[in-house]
Amino acid sequence: MIFRSFRVLLPSGIAYWTVLDSELRVVDAADEFLRHLRFSRDRAESTTESYAGAVALYLRWCGETGRAWAAGSRHLGMFMLWLKHAPKDPSSRPVLPGQGARQVRGPRRVNVVLAAVREFLKFNVSVGAAPAWVVDQLYEVGDGRDLPVEVRGEYGVPHGYAKVRHRLHEPDEPVDRATDEEIVALVRACRSARDRLIVLLMARAGIRRGELVGLRRADLHFVLDARPLGCPVPGSHLHVVRRDNINRASAKSRNSRAVPVDALLMQAHDQYVIERALQEEATDSDFLLVNLFRGRIGAPMRLGAINELLTSLSRRAGLERRIRPHQGRHGFADNVMAAGGQLDELAELLGHESPMSSQPYLHPSHERLRDAVERIPSPRLRLEGPHS
Ligand SMILES: [Zn+2]
């Protein structure tokens with residue numbers, strides 16, 4: 001049985017992802033969950049895409065091993081093992097995990113899939129489509145019966161009393177960032193003001209790829225005082241606002257955020273405004289980043305165009321590797337922390353909904369550790385040599 005995630009575009013223009021079986025029928029249990037995420041919980045389309053992919057994997061494993069999906073929750077440990085090795089293309093032959101089998105998914109990816117599967121199963125328990133014991137397969141639940149109802153979680157699992165049963169250890173890896181040298185090389189390799197602005201928005205404001213192509217011109221408050229525009233945020237900044245866009249861009253976080261920008265970004269933007277004004281077809285679009293050189297001139301840039309741009313810039317700059325969009329954002333985050341930023345500041349700048357998401361940037365460099373020690377005031381202490 002092959003299960004695939006599938007994008008559904010509703011007549012309203014809003015899209016979400018669902019799961020189809022090999023006969024192209026919608027899998028009801030998955031579809032109800034994914035519609036709940038999109039329409040009741042107001043999660044981004046990209047979130048439903050990633051959940052649908054995870055649920056499709058889980059259903060595929062259940063199918064291959066002859067388990068009903070609720071019963072599969074009893075054997076999530078085996079699902080984890082399968083995940084490590086199952087080919088990404090659902091139509092290729094399953095491989096038996098054994099010595100020498102190539103690992104397809106790393107611990108981080110496995111944990112992301114498991115988190116999505118837990119949400120899928122919990123949701124189905126909450127609507128009565130799966131038996132309550134499924135939740136016990138997911139969590140080690142401490143005795144939370146003495147807790148008031150308010151502190152129990154959405155699905156009746158008490159917060160703080162539930163510990164996830166299945167999770168792989170993720171090795172501490174250094175943040176996968178673009179170095180400052182790489183960013184400088186990319187900017188130098190740009191052949192247009194627009195492309196320079198794109199690189200700098202990622203590397204100096206930490207804007208995600210999806211957020212980048214969704215930016216509207218009105219989101220940029222590149223002025224010292226935005227109060228005449230009806231915005232109380234002081235200083236130059238831009239707003240990252242969640243919308244459902246025609247180019248499938250969507251800000252991932254539910255809350256919009258204001259990101260301060262520096263003089264370099266403002267200058268890059270000024271140069272882009274001049275460049276863009278030369279293209280008459282581009283004058284009407286609200287979108288900040290539009291096609292100026294190829295495709296339909298004036299149309300909003302596609303998500304994929306950002307990757308293509310970075311790939312060709314990396315090549316032109318003679319870099320040894322291809323820089324990807326999130327590496328620019330990681331570089332920004334790492335620089336914020338290296339310059340003494342606090343975790344709450346970083347979470348706000350990056351638009352993280354949970355401070356946990358900012359944790360990977362907490363690996364301080366040796367220089368920062370030394371600074372931290374040297375900042376401690378010296379005590380009035382004189383170390384005397386050994387008495388003679
Ligand atoms: Zn503003």
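Whatever order the structure lists ligands and atoms in, that order sets their numbers, starting from 1. Values below: all heavy atoms of this structure, side chains included; hydrogens, waters and symmetry mates excluded.
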Quiz item: cation-pi between R7 and Y16, 6.0 Å / 45°: no

Set of side chain to side chain donor-acceptor pair (under 3.5 Å) partners for D21, sequence neighbours left out: R25

The Zn ion (ligand 1): protein N, O or S atoms [distance under 2.8 Å]: H221 ND1, C231 SG, H237 NE2, H239 NE2

Residues in side-chain contact (heavy atoms from CB on, under 4.5 Å) contact with S236, at least two apart in sequence or another chain: F222, V261, M266

Test ring-ring contact (aromatic ring centres under 6.0 Å, His included) applied to F332 - qualifying residues, sequence neighbours left out: none

Exercise: do T65 and R67 side chains pair donor with acceptor under 3.5 Å: yes

Reported CG-to-CZ distance for the pair D31 and F33, which is rounded to 0.5 angstrom: 11.5 Å

